[in-house]
There are 2 protein chains.
Amino acid sequence: MTQLMLTSTVENYLKALLKLSNQGENRVSTGDLAKALHVTPGSATSMIKTLAEAGLAHHKPHYGVLLTEKGHILAVHVVRRHRIIELFLVNVLEMEWDEVHAEAEQLEHVVSDEVITRMDKLLGYPTLDPHGDPIPTADGMFIERPLHPLSQCEAGQRVQVARISDQNSSFLKFAESHGLTLGATIEVQRRNEHAESITLQSNEEEITLGFTAANRIEVEFVK
Amino acid sequence: MTQLMLTSTVENYLKALLKLSNQGENRVSTGDLAKALHVTPGSATSMIKTLAEAGLAHHKPHYGVLLTEKGHILAVHVVRRHRIIELFLVNVLEMEWDEVHAEAEQLEHVVSDEVITRMDKLLGYPTLDPHGDPIPTADGMFIERPLHPLSQCEAGQRVQVARISDQNSSFLKFAESHGLTLGATIEVQRRNEHAESITLQSNEEEITLGFTAANRIEVEFVK
DNA sequence: CACTCCTTTTTGATTAGTCAAAAATTATAC
DNA sequence: GTATAATTTTTGACTAATCAAAAAGGAGTG
Ligand SMILES: [Mn+2]
Ligand SMILES: [Mn+2]
Ligand SMILES: [Mn+2]
Ligand SMILES: [Mn+2]
């Protein structure tokens, strides 16, 4: 239970663990963690041990890692900072939604609670970031909405874009240029299972996305 | 001329060198640099060598250090970021002038040029930060005003507070609580050379400062 | 010039985070 | 169930930044 500095590196590991344990089952593999952070498996193993030592993660060697409650709380707070910062950059500094992720990725580690509190207030206590990701509350609660991956929608469905992954800046630019912004209503024209693609009517144009790309978009069904 | 990462540490050394070479003569001693950064002289020596190696400083051993033009330009840009951030925190996020320095000290190393440009625009291209320090222009020019240390003012002089050192948060709180804010007009009642103190009339109250404290305030003369 | 004092530099160690490559372990195939 | 493949862990090495303490250098005094 050695005390551990909450460096940017540590915070990034915690955030990656939170994300990876929410998608898929639960335990996170060393390899997946290493890939997510663009480090070698050896580096990941060594940080996993450090986190376990500090009581922020459980580690069963050769099996997997999982955040402890303490680690989970810290991770959620980093995510909260990240998303509030993103929204602030878009709403107050009028930055593009495709450039704020990289910026927030740095700022999330240095901005004080005081600043986050004031941004939160100025933004009117928002619940969603510019990409439709939920902003956890100050006491660490996520309000998840029941959304559906666009990749799994059926032909004929009318849906509303509710969330787009912020991980890929150029995909965001592409999406926006074809009217795929938050709140936009689109209609699924057809699916092609063999081609693994889905074709949509957005604005006046028809656009076809591979399933992998479509998977980066989540939607709400429209009446 | 080895390429050097511009880490927070390196930027802080550059900033300290800029500051120390402007006040007093020119060359900076290892000891002063070490004191300014709260590191041991050995650490300072080692970073000085690194900076010299990277072409950011000239170093004549046992004599002193000085920024090269390249190092000077980098340092000024860090100062620009610092001061724009401070003003942004006060004007947009409504933080107190005594809490923004510590915050800016972190943010100055991670905020992108894009963000600085937008803050600058939103603030209306300001020339002074919340403590009256000049904000260098984007191309690195300082506009220095002809100010006078309050510590050297004579009895009877009416002066306007134009600049207060931001290094000491509690001094800023103290100053504000006695009406010593930017633009405030005060009158020097008397000096006591033996006590090394100066007594002022500010608002309705009389207040006495030691020369060292008074030295942290710069003023303009009022007709 | 020689001695002292102060400052600077050097040396050796430490910590965080990383990688490359070897070793160990678990999973898969036959 | 043994061989092979994939994953994970370990080991050894490296870099940035630091400190403590020893060594070296410079300035002033007599
Ligand atoms: Mn993001
Ligand atoms: Mn986001
Ligand atoms: Mn400051
Ligand atoms: Mn300032």
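The shown structure was predicted, so the numbers you read here are calculated from the model rather than taken from an experiment.
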Task: A:Glu69, CD: over 12 other non-hydrogen atoms inside 6.0 angstrom - done: no
TODO: Go through the side-chain N and O atoms of B:Asp129 and B:His82 and say whether any donor and acceptor fall under 3.5 Å apart.
DONE: no
- [ ] Measure from the side chain of A:Pro41, starting at C-beta and using heavy atoms only, and say which of D:dC19, C:dT18, D:dT9 lies closest.
- [x] D:dT9
Open item on the list: Using OP1 and OP2 only, check whether a side-chain N or O of B:His59 sits under 4.0 Å from C:dT8.
Closed with: no
Task: Nearest listed nucleotide, side chain of A:Thr45, among D:dA17, C:dT8, D:dT8 - done: D:dT8
TODO: Enter the inter-axis angle for the ends of the helix from C:dC1-D:dG30 to C:dC30-D:dG1 (five pairs per end, rounded to 10°).
DONE: 10°
- [ ] Can you see which heavy atom on B:Arg80 is nearest to which on B:Pro136, and at what distance?
- [x] NH1-O, 2.9 Å
- [ ] Indicate whether OP1 or OP2 belonging to D:dT10 is found under 4.0 Å from a side-chain N or O atom of A:Ser46.
- [x] no
Task: Crowding at CD, A:Gln167 (>12 non-hydrogen neighbours, <6.0 Å) - done: yes
- [ ] Starting at atom CG of A:Asn12, determine the distance to atom P of C:dG17, rounded to an integer number of angstrom.
- [x] 11 Å
TODO: Find the distance B:Leu14:CG to D:dA17:P and express it as a whole number of Å.
DONE: 11 Å
Open item on the list: Judged by each residue's nearest nucleotide on DNA chain C, which is more toward the 5′ side, A:Tyr13 or B:Gly42?
Closed with: B:Gly42
Task: Neighbour count >12 (heavy atoms, 6.0 Å) for atom CG, A:Asp113 - done: no
Open item on the list: Closest approach to the side chain of A:Ser43, judged atom by atom: which nucleotide of D:dC19, C:dA20, C:dT18 is it?
Closed with: C:dT18
Task: Rounded interatomic separation in angstrom, taking CG from A:Leu33 and P from D:dT8 - done: 10 Å
Open item on the list: I want to verify a distance call: between C:dT8, D:dC19, C:dA16, whose nearest atom is closest to the B:Thr30 side chain?
Closed with: C:dT8
Open item on the list: Looking only at the side chain of B:His62 (C-beta and beyond, no hydrogens), which of the listed nucleotides D:dG25, D:dC19, C:dC19 gets closest?
Closed with: D:dG25
TODO: Take atom CD of B:Glu144 as the centre, draw a 6.0 Å sphere, and report whether it contains more than 12 heavy atoms from other residues, nucleotides or ligands.
DONE: yes
Task: Per B:Met47 side chain, nearest of listed nucleotides D:dA17, D:dT10, C:dG17 - done: D:dA17
Open item on the list: Between B:Thr7 and D:dA17, is there a contact of a side-chain N or O with OP1 or OP2 at under 4.0 Å?
Closed with: yes
